[in-house]
Amino acid sequence: QVHLVESGGGLVQVGESLTLSCAASGFLFTLRRMAWYRQAPGKEREMVAEITGGSSRNYAEPVKGRFTISRDNSKNTVTLEMNNLKPEDTAVYYCSAPLKGYWGQGTQVTVSS
């Protein structure tokens, strides 16, 4: 059974940092493109960052230079380091293996000004 479990969300102030983690199980993690998506209230879900099995990375324009995605294939984890957070980063963040249609339950990130 596939599980993607996110952790690390919370309430932070503008300019602060937060690191999200995702623990994956139930599928062949090392081969899968993994991604972080987010969905703000009233908005569509959007891709934030993705990383291939070979650790090639791609970022959405609004987070370039502030967010870093990484993976540890020995632990089946993917992390999202978020720096210099802004109010517009407030959203529910989801871990995903998008090409397989696997999604976590989401973790709330709130950036207060």
Side-chain angles (χ1 to χ4, degrees):
Q1 189 172 4
V2 172
H3 289 285
L4 293 174
V5 180
E6 302 98 336
S7 60
L11 173 65
V12 295
Q13 301 295 314
V14 169
E16 292 186 340
S17 299
L18 205 58
T19 297
L20 305 181
S21 296
C22 173
S25 60
F27 63 100
L28 195 54
F29 177 83
T30 56
L31 297 182
R32 298 300 169 212
R33 178 185 299 262
M34 299 297 297
W36 286 95
Y37 282 70
R38 68 186 181 187
Q39 187 167 21
K43 295 187 177 181
E44 293 188 355
R45 191 173 296 190
E46 62 177 359
M47 191 278 290
V48 175
E50 59 183 359
I51 185 168
T52 67
S55 294
S56 295
R57 297 166 173 85
N58 184 40
Y59 297 94
E61 198 63 37
V63 307
K64 281 183 178 178
R66 300 188 298 121
F67 290 12
T68 301
I69 189 171
S70 59
R71 66 190 297 158
D72 185 338
N73 288 337
S74 69
K75 298 181 179 178
N76 283 12
T77 58
V78 58
T79 61
L80 184 68
E81 182 180 349
M82 305 183 293
N83 297 313
N84 190 21
L85 282 160
K86 303 176 180 181
E88 52 264 42
D89 296 317
T90 295
V92 178
Y93 283 71
Y94 298 90
C95 177
S96 174
L99 298 183
K100 295 295 290 183
Y102 302 152
W103 294 89
Q105 81 288 351
T107 187
Q108 177 70 46
V109 172
T110 302
V111 184
S112 173
S113 57

With side-chain contact (heavy atoms from CB on, under 4.5 Å) as the criterion, how do V109 and M82 come out once you've worked through the C-alpha distance, each side chain's angles and the decisive distance to 0.1 Å? CA-CA 10 Å; V109 172; M82 305 183 293; 3.9 Å; yes

Could you list all the disulfide bond (SG atoms under 2.5 Å apart) pairs where at least one residue sits in residues 8-43, not counting sequence neighbours?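 Checked against disulfide bond (SG atoms under 2.5 Å apart) - neighbours excluded - the pairs reaching residues 8-43 are C22-C95.
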
Restricting to non-hydrogen atoms, name the atom on [X] and the atom on [Y] that form the minimum distance, rounded to 0.1 Å.
{"X": "G104", "Y": "Y94", "result": "O-CD2, 3.6 Å"}
{"X": "N73", "Y": "G53", "result": "ND2-O, 3.9 Å"}
{"X": "S96", "Y": "Y37", "result": "CB-CD1, 4.2 Å"}
{"X": "A35", "Y": "I69", "result": "CA-CD1, 4.4 Å"}

Using the side-chain contact (heavy atoms from CB on, under 4.5 Å) rule, take F27 and N76 through it: C-alpha gap first, then chi angles, then the decisive distance, then the call. CA-CA 10 Å; F27 63 100; N76 283 12; over 6 Å; no

Partners of E16 by salt bridge (Lys or Arg N to Asp or Glu O under 4.0 Å), sequence neighbours excluded?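 Scan of E16 (salt bridge (Lys or Arg N to Asp or Glu O under 4.0 Å), adjacent residues dropped) gives none.
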
Would you please name every residue forming a salt bridge (Lys or Arg N to Asp or Glu O under 4.0 Å) with R66, sequence neighbours left out?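 Counting only residues at least two positions away or on another chain, R66 forms a salt bridge (Lys or Arg N to Asp or Glu O under 4.0 Å) with D89.
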
Name all residues meeting the side-chain contact (heavy atoms from CB on, under 4.5 Å) criterion together with [X]; count only those two or more places apart in sequence or in a different chain, and write none if there are none.
{"X": "Q108", "answer": "T90, V92, T110"}
{"X": "S25", "answer": "H3"}
{"X": "S55", "answer": "I51, R57, R71"}
{"X": "S113", "answer": "V14, P87"}

Using 0.5 Å steps for rounding, measure from the CG atom of L20 to the OG1 atom of T79.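 Result: 9.0 Å between the selected atoms.
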
Which distance, rounded to the nearest 0.5 Å, do you find between the CD of E50 and the CG of L80?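 Reported value, rounded in 0.5 Å steps: 12.5 Å.
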
Ring pair (Phe, Tyr, Trp, His ring centres under 6.0 Å) against F29, all qualifying residues, sequence neighbours excluded: none

Under the ring pair (Phe, Tyr, Trp, His ring centres under 6.0 Å) test, which residues partner Y59, sequence neighbours left out?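 Partners of Y59 by the ring pair (Phe, Tyr, Trp, His ring centres under 6.0 Å) criterion come out as none, since no residue qualifies.
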
Does the side-chain contact (heavy atoms from CB on, under 4.5 Å) test come out yes or no for R32 and K100, once each step is laid out? CA-CA 8 Å; R32 298 300 169 212; K100 295 295 290 183; 3.8 Å; yes

Who clusters with L28? Use side-chain heavy atoms, under 4.5 angstrom, across I, L, V, M, F, W and Y, and order the result by chain and number.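 Besides L28, the hydrophobic cluster comprises L31, listed by chain and residue number.
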
Polar contact flag, side-chain donor to acceptor under 3.5 angstrom, S17-N83: yes

Kindly assign one of parallel, tilted or perpendicular to the pair Y93 and F67, based on the angle between their ring planes and the thresholds 30° and 60°. tilted

Side-chain heavy atoms nearer than 4.5 Å, only ILVMFWY residues, links allowed to pass through others: does that put V48 and Y102 together? yes

Which residue pairs satisfy the salt bridge (charged side-chain N to carboxylate O under 4.0 Å, His left out) criterion with at least one member in residues 75-88, sequence neighbours excluded? none

Side chain to side chain donor-acceptor pair (under 3.5 Å) contacts in which one or both residues fall within residues 4-14, not counting sequence neighbours: E6-Q105

Quick one: do W103 and R45 satisfy side-chain contact (heavy atoms from CB on, under 4.5 Å)? Show the steps, please. CA-CA 12 Å; W103 294 89; R45 191 173 296 190; 3.2 Å; yes

